[in-house]
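Order of listing sets the numbers, starting from 1, for every ligand and every atom in it. Quick caveat: nothing in here was measured; it's all calculated off a predicted structure.
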Amino acid sequence: MVSAISLAPLPLPQWQRPEPTTADLSWADIAVIDFSSFDNPGGKERLAEELRHAVHTTGFFSVTGTGFTDEEVRRQYSIGQGFFDLPLEEKNKPELRCDFGQGNYFGYRAAHEKKIMGTEVLDNVESVNIAKFIPELAYEPRHDFFNRFLAEVEGFSRRSLELASKIFTLFALILELPPDYFSSKHEYTSKSEDHLRYMIYRPRPVSQDALVENLWSRAHTDFGSLTLLWSQNVAGLQIKTKEGDWKYVPPVDGGIICNVGDAMQFWSAGYLKSTTHRVIRPPADQDHIHRLGIFYFVRPGNDTDIAPAPSPLLRRLGLIKEELNDQELKQKVTGLQYVRERVKNYHDHTDYENRKGKTFKVGDLEIEDEAA
Ligand SMILES: O=C(O)CCC(=O)C(=O)O
Ligand SMILES: [Fe+2]
């Protein structure tokens, strides 16, 4: 039964955007793609070309002109900050924790529960992942705190997927598929592991960071279809270039940083690559800041498979054959299966070890879980 009790909003801390660093860092050249022309005649085709170029150079790109205002984004940060300021007992109730044993990422992940790379240094990340606001997922964990801001949080979640859906339309154009080929695999109303995430990294003493190569989040690719990350000024996120160098993702005013996840890489038979990235200790002028982030992780619909799409472009490039071959048939793993296995393999441990060169299997798919 739907409860008619509405919770009163709480007073929130006023989150302030930190100043960008003045450190001289090696920045990645991230394309900024302005979506305000999306609905203009020829707009999608032009944006699709910009996107193709961006994905082939760095794999990360920033979108602007999205309709999200700075005010509402800062408000989301304040909501995130208000949540993380709650007492640990409230955030960490057993029924509200991520169930990593099941590969279930919904709910709260506390910091300081995992040792890093065989040392005694503990991980410093707290996050909370909120499922789509649909009746089919109403049983997934959600803290009462967020129900106090229901209209704003739900609105943000829904509009995030609307934006992602535009990006999926461009991916479909790039691959010469029907425009809704990918967006139809990511309907807001379908069950999936999509989540809106608030995430905070707590600074560690320099001596501890030194023992773990300054790693705050080890190198990985994202498991889903597409990640949206509201651009933030605290440097630390780095991407691995084709040449194997680490470059910082720069702040982009009013931008949302996006990157392709593993599922999109599978659908596009590797044409759209899921880029390896990591987070390291910020530069000296920002190393005291509790680094708060807002994300929307788009995951493939639970029942969709992640086999390569029947794309004329991929055929011409020889990346797929007319008939699905054995290898491709093996890739008929579902979105749910893939994401759950990845989350379990990544998180259901008490130690984050170095995984460079190690592989594991989802169905018959062999996955390399890189960590530099
Ligand atoms: O905190 C960041 O900037 C990136 C985090 C990230 O890559 C992830 O949570 O998948
Ligand atoms: Fe990531």
Side-chain angles (χ1 to χ4, degrees), residues 17-18 20-21 25 27-28 30 55 58-62 73 76-77 80-81 84 98 100 103 105-111 114 116 123-130 160 164 193-204 209 214-240 246-252 255-265 273-283 286-287 289-299 338-339 342-347 352 355 367-372:
R17 195 177 288 282
T21 179
L25 303 178
W27 300 105
I30 300 284
V55 174
T58 58
F60 271 57
F61 52 97
S62 168
V73 174
Q76 286 297 316
Y77 275 106
Q81 189 67 60
F84 290 118
C98 301
F100 287 131
Y105 219 152
F106 294 130
Y108 177 66
R109 165 187 165 194
K114 291 180 168 65
I116 312 291
D123 86 276
N124 61 337
V125 187
E126 257 181 273
S127 63
V128 62
N129 296 327
I130 302 176
S160 300
E193 305 284 285
D194 276 37
H195 54 270
L196 176 64
R197 178 184 304 177
Y198 303 86
M199 184 170 191
I200 195 163
Y201 298 78
R202 310 290 191 182
R204 273 190 305 235
D209 273 346
N214 287 328
L215 269 189
W216 281 12
S217 173
R218 70 177 168 86
H220 65 279
T221 54
D222 287 349
F223 316 149
S225 317
L226 183 71
T227 303
L228 311 183
L229 183 176
W230 273 263
S231 178
Q232 62 146 301
N233 286 348
V234 186
L237 174 60
Q238 295 184 317
I239 58 177
K240 196 172 187 180
W246 289 105
K247 300 257 187 196
Y248 285 88
V249 173
V252 177
I256 301 173
I257 309 285
C258 304
N259 63 288
V260 165
D262 297 346
M264 188 56 74
Q265 176 166 321
K273 288 221 161 37
S274 153
T275 302
T276 302
H277 55 283
R278 68 179 186 183
V279 179
I280 64 163
R281 178 187 176 84
Q286 296 184 321
D287 66 2
I289 301 173
H290 292 235
R291 184 175 178 278
L292 182 60
I294 301 174
F295 304 78
Y296 189 90
F297 286 85
V298 188
R299 309 294 210 197
Y338 181 73
V339 171
R342 279 287 257 151
V343 170
K344 195 159 136 183
N345 182 273
Y346 194 91
H347 286 292
Y352 282 127
R355 300 272 188 86
I367 312 296
E368 197 173 333
D369 184 14
E370 205 226 74

Show, in sequence, the C-alpha distance, side-chain angles and deciding distance for Arg204 and Asp209, and conclude whether the salt bridge (Lys or Arg N to Asp or Glu O under 4.0 Å) test is met. CA-CA 6 Å; Arg204 273 190 305 235; Asp209 273 346; 2.7 Å; yes
Examine the side chains of Asn259 and Thr275 and answer whether a donor and an acceptor come within less than 3.5 Å of each other. no
Among side-chain atoms of Asp123 and Trp216, is any donor-acceptor pair under 3.5 angstrom?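 There is no such pair (donor and acceptor under 3.5 Å, judged by atom type) between the side chains of Asp123 and Trp216.
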Please identify each residue that fulfils salt bridge (Lys or Arg N to Asp or Glu O under 4.0 Å) with Arg197, with sequence neighbours left out.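 With neighbours one apart ignored, the set is empty.
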Kindly write out the residues that satisfy salt bridge (Lys or Arg N to Asp or Glu O under 4.0 Å) with Asp287, not counting sequence neighbours, or none if the list is empty. Arg281
To the nearest 0.5 Å, what is the distance between CG (Leu292) and OH (Tyr77)?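 It is 6.5 Å, given to the nearest 0.5 Å.
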Measuring centre to centre across the rings, with the benzene-like ring taken for any Trp, is Tyr105 within less than 6.0 Å of Phe100?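 For Tyr105 and Phe100, the ring centres are under 6.0 Å apart.
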Compute the ring centroids of His290 and Tyr201, then answer whether they are less than 6.0 Å apart. no
Protein N, O or S atoms less than 2.8 Å from the Fe ion (ligand 2), ignoring waters? His220 NE2, Asp222 OD1, His277 NE2
Taking Glu126 first and then Arg109, would you say they form a salt bridge - that is, a charged N and a carboxylate O separated by under 4.0 Å?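 Arg109 and Glu126: not salt-bridged.
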Can you list every protein residue that has a heavy atom under 4.0 Å from any atom of ligand 1, sorted by chain and residue number?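 Within 4.0 Å of ligand 1, protein side: Arg197, Met199, Tyr201, His220, Asp222, Leu237, His277, Val279, Arg291, Phe295, Phe297.
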